[in-house]
Amino acid sequence: MIVVNLDVMMAKRKMTLSQLAERVDITLANLSILKNNKAKAVRFTTLEAICAALDCQPGDILEYVPEETP
């Protein structure tokens with residue numbers, strides 16, 4: 001599964017969700033869905049804008065975590 005570590009990068013950059021939403025030009029609701037790992041997909045243009053706003057790489061935000069098998 002892919003985990004979104006957006007909150008970690010935002011904390012490192014001392015940026016609020018509202019500030020990021022304004023810089024990326026995305027709704028607060030959609031950004032919140034992404035931040036809370038509820039998103040099913042993300043556009044590359046959105047990911048690019050987030051990375052530009054946070055001055056980071058996609059790998060700083062997205063992480064692959066293998067699911068445990070029962």
Side-chain angles (χ1 to χ4, degrees):
M1 114 174 152
I2 302 296
V3 176
V4 180
N5 294 315
L6 187 57
D7 52 345
V8 174
M9 284 309 299
M10 288 171 45
K12 286 182 179 179
R13 302 297 188 248
K14 295 180 173 64
M15 190 177 297
T16 67
L17 198 63
S18 298
Q19 291 170 328
L20 184 59
E22 187 177 311
R23 290 185 188 189
V24 175
D25 194 29
I26 187 172
T27 66
L28 196 56
N30 284 339
L31 195 55
S32 182
I33 288 169
L34 183 60
K35 180 178 132 329
N36 294 316
N37 285 301
K38 302 292 183 195
K40 299 292 181 195
V42 61
R43 289 189 174 126
F44 281 153
T45 53
T46 302
L47 184 59
E48 181 180 359
I50 290 170
C51 287
L54 293 174
D55 189 28
C56 67
Q57 294 295 313
D60 296 329
I61 297 171
L62 303 175
E63 176 185 5
Y64 171 69
V65 177
E67 293 187 31
E68 294 181 22
T69 52

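Quick caveat, the model's predicted, so the values are computed rather than measured.
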[X]: which residues meet the side chain to side chain donor-acceptor pair (under 3.5 Å) condition with it, sequence neighbours left out?
X	value
D7	none
Q19	T16
N36	S32

Open item on the list: Using the rule given for side-chain contact (heavy atoms from CB on, under 4.5 Å), can you reason through M9 versus M15, listing the C-alpha separation, both sets of side-chain angles and the distance that settles it, and then say yes or no?
Closed with: CA-CA 9 Å; M9 284 309 299; M15 190 177 297; over 6 Å; no

Could you give the distance from [atom1] ([X]) to [atom2] ([Y]), rounded to the nearest 0.5 Å?
X	Y	atom1	atom2	result
L17	L28	CG	CG	5.0 Å
I50	M10	CD1	CE	9.5 Å
K38	I33	NZ	CD1	10.0 Å
S18	L31	OG	CG	9.0 Å
L20	I26	CG	CD1	8.5 Å
L47	Q57	CG	CD	10.0 Å

Task: In one Ile/Leu/Val/Met/Phe/Trp/Tyr side-chain cluster, 4.5 Å: V8, I2 - done: no

Task: Contacts of T45 that satisfy side chain to side chain contact (heavy atoms under 4.5 Å, CB included) - sequence neighbours left out - done: R43

Open item on the list: My understanding is that only residues two or more places apart in sequence, or in another chain, count here; which of them pass side chain to side chain contact (heavy atoms under 4.5 Å, CB included) with A52?
Closed with: none

Open item on the list: Is it the case that over 12 heavy atoms from other parts of the model lie below 6.0 angstrom from the CD atom of E22?
Closed with: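 Incorrect, the count does not exceed 12.
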
- [ ] Would you indicate whether R13, at its atom CZ, is surrounded by more than 12 heavy atoms from other residues, nucleotides or ligands within a distance under 6.0 Å?
- [x] yes

- [ ] Among T46, I61, D60, V24, find the residue that satisfies the side-chain contact (heavy atoms from CB on, under 4.5 Å) test when tested with C51.
- [x]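 That would be I61.
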
Task: Other cluster members, V3 - Ile/Leu/Val/Met/Phe/Trp/Tyr, side-chain contacts below 4.5 Å - done: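 Joined to V3, directly or through intermediates: M1, V65.
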
- [ ] Say whether, by atom type as modelled, one donor and one acceptor occur between the side chain of N30 and the main chain of T27 under 3.5 angstrom.
- [x]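 Checking the backbone N and O of T27 against the side chain of N30, no donor-acceptor pair under 3.5 Å is found.
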
